[in-house]
Amino acid sequence: MSLVWMLASALSAAAPQWVEADTLLLEGRGWTDVASPYDRLPARAEKLVRPDVWNLSHNSAGLCVRFVTTARSLRCQWALRSANLDMPHMPATGVSGVDLYARLAGGWRFVANGRPTAQTNEAEFGLPAGASEYRLYLPLYNGVSSVKLAVPEGQTLTAATPSTTKPVVVYGTSIVQGGCASRPGLASVALAGRLLDVPTINLGFSGNAKSEPEVADLLAELDPSVFVLDPLWNMTPDEVSGRIAPLVRRLRTARPTTPILLVEDSQVFNQVPTGKGKLLRGIYDALRAEGVGGLSFLSADGMLGTDGEGTVDGCHPNDLGFERQAQAYVGALKPLLGATR
């Protein structure tokens, strides 16, 4: 037996055993009949929705891998669909990075982020003592073709136990998708999910939340604990007037008792309501008057604060703005979730 063969065998035995993330618990995906495990819409949606919506559905916003491990270190490889790693107003860590959290006493805590430098990336994370359950958030404005995890030899890596609570589905704009959080875990939908300790499904479509009938039909296929509708930034006043009420009625027909939360468009200077916000308030009142039940309303008043410091560009929240928006979501969702648990 040669020394070279012995060394090669030893290295092979010690090599990490990579696990594809979608074989663990992939939380935040509404459909299983997808073209890629990390898509946000079913494969058949390609023929139903506008091309812009379909292309954005490949972004992995809101998807997170939940797992349990005995290890004190973790390696992660992720392959991105696009070579465009960042945007002028949003860092690569948010657009194309991954974000690791651990469940510790008191809730979910940030551990580390994976910083992308190319289309294929690898990061190694030290894991905190006392933790065994983790969630790894995937990129907000890029897609992934593969995400692999590995732990040292002799340690275990298994899927976490799924939540017994139905997810909260949030439909909306680039703000819902996560623009412009510095890390995936700091988008308001992810923040609210951790604070409430409930799964979330992020259906934010940057610039393209138009509330079309075909999107309404897709949303109606889901069975969440709450529907959150926050599309106003992407809609014209005529679209708000013509599409919001039919969207609500479609969801109510499909899910007679599921709470529906209508959200006003957030405004950094706190000029609330906006013109479209006034329209939404009227639609909300009219729907309630016609007997549509289980309908709630979230005002944008104070949602991004009143100091003008909550955005990167006057529209998209920064991390401070997302924290404030998440708190507003949490306040509105708590009583609705209490009614469904």
Side-chain angles (χ1 to χ4, degrees), residues 16-34 36-40 60-78 98-114 125-138 144 146-170 183-187 189-203 221-228 258 326 329-330 333-334 336-341:
Q17 298 299 304
W18 291 98
V19 175
E20 185 67 38
D22 73 305
T23 65
L24 299 168
L25 174 61
L26 184 59
E27 192 174 84
R29 192 177 63 186
W31 292 266
T32 57
D33 55 333
V34 289
S36 163
Y38 305 103
D39 280 355
R40 293 185 294 148
S60 51
L63 299 185
C64 71
V65 185
R66 291 191 48 219
F67 59 93
V68 174
T69 182
T70 57
R72 296 278 67 85
S73 66
L74 174 77
R75 291 172 66 180
C76 176
Q77 293 178 347
W78 70 105
V98 296
D99 210 4
L100 184 66
Y101 280 74
R103 189 190 289 276
L104 294 167
W108 291 98
R109 298 296 300 272
F110 170 69
V111 175
N113 63 335
F125 307 119
L127 304 181
S132 61
E133 183 181 355
Y134 298 87
R135 62 196 316 150
L136 181 77
Y137 290 98
L138 303 186
V144 289
S146 176
V147 180
K148 295 181 179 179
L149 303 177
V151 295
E153 185 180 12
Q155 302 300 316
T156 61
L157 175 64
T158 57
T161 302
S163 173
T164 58
T165 302
K166 292 180 182 180
V168 173
V169 168
V170 187
R183 298 188 277 105
L186 293 180
V189 176
L191 273 164
R194 288 197 307 279
L195 290 169
L196 293 165
D197 202 17
V198 298
T200 57
I201 295 175
N202 185 323
L203 293 177
E221 294 177 7
L222 302 175
D223 184 21
S225 58
V226 182
F227 286 108
V228 179
T258 302
Y329 274 179
V330 167
L333 287 169
K334 269 186 177 178
L336 303 181
L337 288 166
T340 61
R341 292 194 190 193

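Residue numbers count from 1 along this sequence. For clarity, every value in this text was computed on a predicted model and none was experimentally measured.
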So, for [X] and [Y], which heavy atoms are closest and what is the spacing to 0.1 Å?
X: Tyr38; Y: Asp22; answer: OH-N, 3.2 Å
X: Pro184; Y: Ala190; answer: O-CB, 3.8 Å
X: Val34; Y: Ser36; answer: CG2-O, 3.0 Å
X: Arg72; Y: Ala131; answer: NH2-O, 2.8 Å
X: Gly30; Y: Leu222; answer: O-CD2, 3.3 Å
X: Ala129; Y: Leu104; answer: O-CD2, 4.2 Å

Donor on one side chain, acceptor on other, Ser146 and Glu20, under 3.5 Å: yes
Does the side chain of [X] reach to within under 4.5 Å of the side chain of [Y], using non-hydrogen atoms?
X: Trp78; Y: Leu138; value: no
X: Thr156; Y: Val68; value: no
X: Leu337; Y: Val198; value: yes
X: Leu100; Y: Leu74; value: yes
X: Thr161; Y: Leu25; value: no
X: Leu149; Y: Gln17; value: no
X: Gln77; Y: Val147; value: no
X: Asn202; Y: Val170; value: no

Show your working on side-chain contact (heavy atoms from CB on, under 4.5 Å) between Leu136 and Cys64 and close with a plain yes or no. CA-CA 5 Å; Leu136 181 77; Cys64 71; 5.9 Å; no
Between atom [atom1] of [X] and atom [atom2] of [Y], what is the distance when rounded to the nearest 0.5 Å?
X: Asp99; Y: Arg183; atom1: CG; atom2: CZ; answer: 4.5 Å
X: Leu336; Y: Thr258; atom1: CG; atom2: OG1; answer: 11.0 Å
X: Phe67; Y: Ser132; atom1: CZ; atom2: OG; answer: 10.5 Å
X: Phe125; Y: Ser73; atom1: CZ; atom2: OG; answer: 11.0 Å
X: Ser163; Y: Arg66; atom1: OG; atom2: CZ; answer: 7.0 Å
X: Leu157; Y: Leu24; atom1: CG; atom2: CG; answer: 5.0 Å

Decide yes or no on side-chain contact (heavy atoms from CB on, under 4.5 Å) for Asp223 and Lys166, but give the supporting numbers first. CA-CA 7 Å; Asp223 184 21; Lys166 292 180 182 180; 3.1 Å; yes
Check Thr200, Ile201, Leu203, Val169 against Val189 for a side-chain contact (heavy atoms from CB on, under 4.5 Å) and give me the one that passes.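 Among the candidates, only Thr200 passes.
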If we ignore hydrogens and angles and just use 3.5 Å, is the side chain of Ser225 paired with the main-chain N or O of Pro167 as donor and acceptor? yes
Is a donor on one side and an acceptor on the other found under 3.5 Å between the side chain of Arg194 and the backbone of Gly185? yes
side-chain contact (heavy atoms from CB on, under 4.5 Å), that's the test. Do Glu27 and Leu63 meet it? Break it down for me. CA-CA 6 Å; Glu27 192 174 84; Leu63 299 185; over 6 Å; no
Can you name the one residue among Trp108, Tyr134, Phe110 that meets ring pair (Phe, Tyr, Trp, His ring centres under 6.0 Å) with Tyr101? Phe110
One pair to check against side-chain contact (heavy atoms from CB on, under 4.5 Å): Val168 and Val228. What are the steps and the verdict? CA-CA 7 Å; Val168 173; Val228 179; 3.8 Å; yes
